[in-house]
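Note sheet for the following structure.
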Amino acid sequence: MATSPRYHVTVAAPINIAFIKYWGKREGGEHLILPTNDSFSITLSTEPFRSKTTAVLDASLTEDELWLNGEKESVAGNPRLVHVLAAVRSTCPADRAKLKVRVVSNNNFPTAAGMASSASGYCALACALVKVFQSTADVSVLARVGSGSACRSVYGGFVKWLQGTNADGTDCIAEQFANAAHWPEMTVLCAVVKGHKKDVSSTKGMQLSLQTSPMMPARIRDVVPARMAAVSEAVRNRDFASFAAITMSDSDDLQAVCRTTTPTIVYATDDSFQIIKLVHAFNEAKGRKVLAYTFDAGANAFLFTLRPDVPEVVALVNHYFPTPDELCAFNDPSLLRASKAVTLAPNCTALLGDYPKRPLTYLLQSPVGDGPREMSDAESLINLSTLAPILTVS
Ligand code: 2P0
């Protein structure tokens, strides 16, 4: 009896945090997700948080299927997924293109963690589909048509997403600028604040900004190209002070672009603004740039700092936003322990005046990560004998 062809793969993919932001799709680029400017990000580790996807191609399957976080989703009802699948099938051997695929995907971060899952999720999907279909497509192009920022999670280290000029998006790719080992001291903390609810999606927000914010033309034409050049130098030279200044300027500009959008968009909350104030006051108290913030289309603060400063920075964050250990998800728990032994200098204990101390929902710590990784069959989200989805989050 001939065995039916069956191919499978499981991939874990990381979150990435942009320090030069993507905010706007160029004309005709809504469908292919072609941005108005380059962007630049740091890929986090897949520990503690990652998206995981298993894809199985099998002759017995009669339709394409997607199971996301334990629920079966409509493939036809998700135009971006349909588009990714079409792009994979047009770039793979004919004997694989005709097979149906079962995809099971989950995120190990709780919804309360407030981390956007589209970047890691579509990255894991693109990596898994390219591998299982033996597609010749650029993985970052496939991830991009799922969700723009997902293309930057395809590589580890410091990653640029190049806007490109081709109408078909073939030169709109991500590329690694420097690997994780280039600047191993670089550390990311994600401070997930309370009461964060986003009422304008990124997709909608950037569309409105492009149409109405008077800041957008100069941002696209001059501001971002100049910052991309300057921050490339800062990363190349491991110059944290310059990196921090440029990163905070670009974050501030994104907030200003949103504020000058009609109708106005404000993603930040009081806690976000207090964290901005805290970062500036702490840097001033220390007499050097120890810490940089960046914000996306949301209230959560992403903080960059260097590893030797992490214990003091964590002590600082926990002084103002006291967060129980069980809500601190650290890639390296020794850094959390070391923070307990830090006594903040007297000039750092009253930086926010009488602002009430409020716990964070989550505090995440990650070094720069290596990018997506293939996982063993033991970690598959599909039972490889019966093809049944394994729906527990693991
Ligand atoms: C970024 N953001 O560069 C920017 C900064 C939010 C602010 O990429 O429409 O979810 O799927 O391409 O990728 C969020 O936008 O939007 C984003 P789509 P996406 O990280």
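When a ligand or atom number is given, it counts from 1 through the structure's own listing order. What you see is a predicted model, and the numbers here were worked out from it, not measured in a lab. Any value given below was found using the heavy atoms of this structure, including those in side chains, with hydrogens, waters and symmetry copies removed.
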Inset, instruction - Heavy-atom cut-off of under 4.0 Å around ligand 1: list whichever protein residues fall inside it, by chain and number. - result: A18, K21, Y22, W23, K25, I33, R80, S118, S147, G148, S149, R152, S202, T203, M206, L254, D296, A297
Legend entry - Pair T294-D250, side chain to side chain contact (heavy atoms under 4.5 Å, CB included): steps then yes or no: CA-CA 8 Å; T294 189; D250 205 63; over 6 Å; no
Legend entry - Residue pair T264 / R259, side-chain donor-acceptor N/O under 3.5 Å: no
Legend entry - Donor + acceptor pair across side chains of T91, S135 (<3.5 Å): yes
Legend entry - S51 side chain to N107 side chain, donor-acceptor N/O pair below 3.5 angstrom: yes
Legend entry - Donor-acceptor side-chain pairing of S249 and R227 below 3.5 angstrom: no
Legend entry - Heavy-atom donor-acceptor pair, N300 side chain to V193 backbone, under 3.5 Å: yes
